[in-house]
Amino acid sequence: MDNRPIGFLDSGVGGLTVVRELIRQLPHEEVVYIGDSARAPYGPRPAEQIRDYTWQLVNFLLTKDVKMIVIACNTATAVVWEEVKAKLDIPVLGVILPGASAAIKSTTGGKIGVIGTPMTVQSDIYRKKIEVLSPEMEVQSLACPKFVPLVESNELQSSLTKKVVYETLHPLAGKVDTLVLGCTHYPLLRPIIQNMMGPSVKLIDSGAECVRDISVLLNYFEINRSRDKHELNHRFYTTANAKRFAEIAENWLNLKVNVEHVTL
Ligand code: DGL
């Protein structure tokens, strides 16, 4: 047993999609979350900067005495997961491997689409991971740089958002049977994305998939939180506006949340 919280990090509100799944699948675990909305989006930034920023978030979480860190951001996972994992003595999970293996399981015709930030797509990491596991798959990737700013400004249903999603995803329409939402912000746009791609396309939420791995590791290392500890005190931190973050978080998690502004 280990009653310490699990630490989550993201460039902003996207990692909340992973937290929502955590609360659904592992409701007795406690969360500490840091979102760097002041510097989002990370996707168009150079790798070295993403690496620096991610380490700042990791170090912040370490000050909160977390038992595990989840890099709930594909972009940061693509750039620095291996390095963080190698340096820390607590388990560190990323979201890419779980998403890649779920896509392989789900595809019926071997045609997998991946959408993500410019850095995630440029790194080609999903294709590489999928290729190692299942070389016969055909992977098409597409960067969607306009999605994260829309989500960060809580424009989840607006007509502008619909227009941007439709125009951006157009090149993939009819070409894939499975689409990996390779950015943790994108599940917040899921209904519009599903509508654009059509009902037969299976959407993979890499963050949600990662929660299954969290559960496996908690069991493996025997660090589950005791079920007798009923009082949960989830804590959320943002580098930008706490009120805006709380609005998105409360809507998405269906939970009253404590959000504190921090400067890194
Ligand atoms: N949520 C992030 C991801 O999964 C990053 C978005 C960004 O800041 O560009 O890639």
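Atoms within each ligand, like the ligands themselves, are counted from 1 in listed order. Treat the numbers as computed from the prediction; the structure is a model and nothing was measured. When a residue number appears, it is its place in the shown sequence, counting from 1.
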For residues 255-264, run the donor-acceptor check on the side chains, cut-off 3.5 Å, and write out each pair with its distance to 0.1 Å, sequence neighbours left out.
| unit_1 | atom_1 | unit_2 | atom_2 | d |
| --- | --- | --- | --- | --- |
| K256 | NZ | E250 | OE2 | 3.3 |
| H261 | NE2 | T239 | O | 3.1 |

Using atom types as modelled, flag every donor-acceptor pair under 3.5 Å from a side chain in residues 162-171 to any protein atom, sequence neighbours excluded.
| unit_1 | atom_1 | unit_2 | atom_2 | d |
| --- | --- | --- | --- | --- |
| K163 | NZ | E167 | OE2 | 3.4 |
| Y166 | OH | N195 | ND2 | 3.3 |
| T168 | OG1 | V164 | O | 2.6 |

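Remark: R45 is not positioned above the aromatic ring of Y53, lacking an NZ or CZ atom under 6.0 angstrom from the ring centre and at most 45 degrees off the axis.
Other members of the cluster containing I104 are I96, I112, V114, I125, Y126, I130, L133, M137, V139, V180, I204, with ILVMFWY side chains joined at under 4.5 Å, either directly or via other members.
Around ligand 1 you find D10, S11, P41, Y42, G43, C73, N74, T75, T117, V148, C183, T184, H185, each with a heavy-atom distance below 4.0 Å.
With hydrogens and angles disregarded, a donor-acceptor distance shorter than 3.5 Å links the side chain of N241 to the backbone of R244.
Between F245 and Y33, the gap from one ring centroid to the other is short of 6.0 Å.
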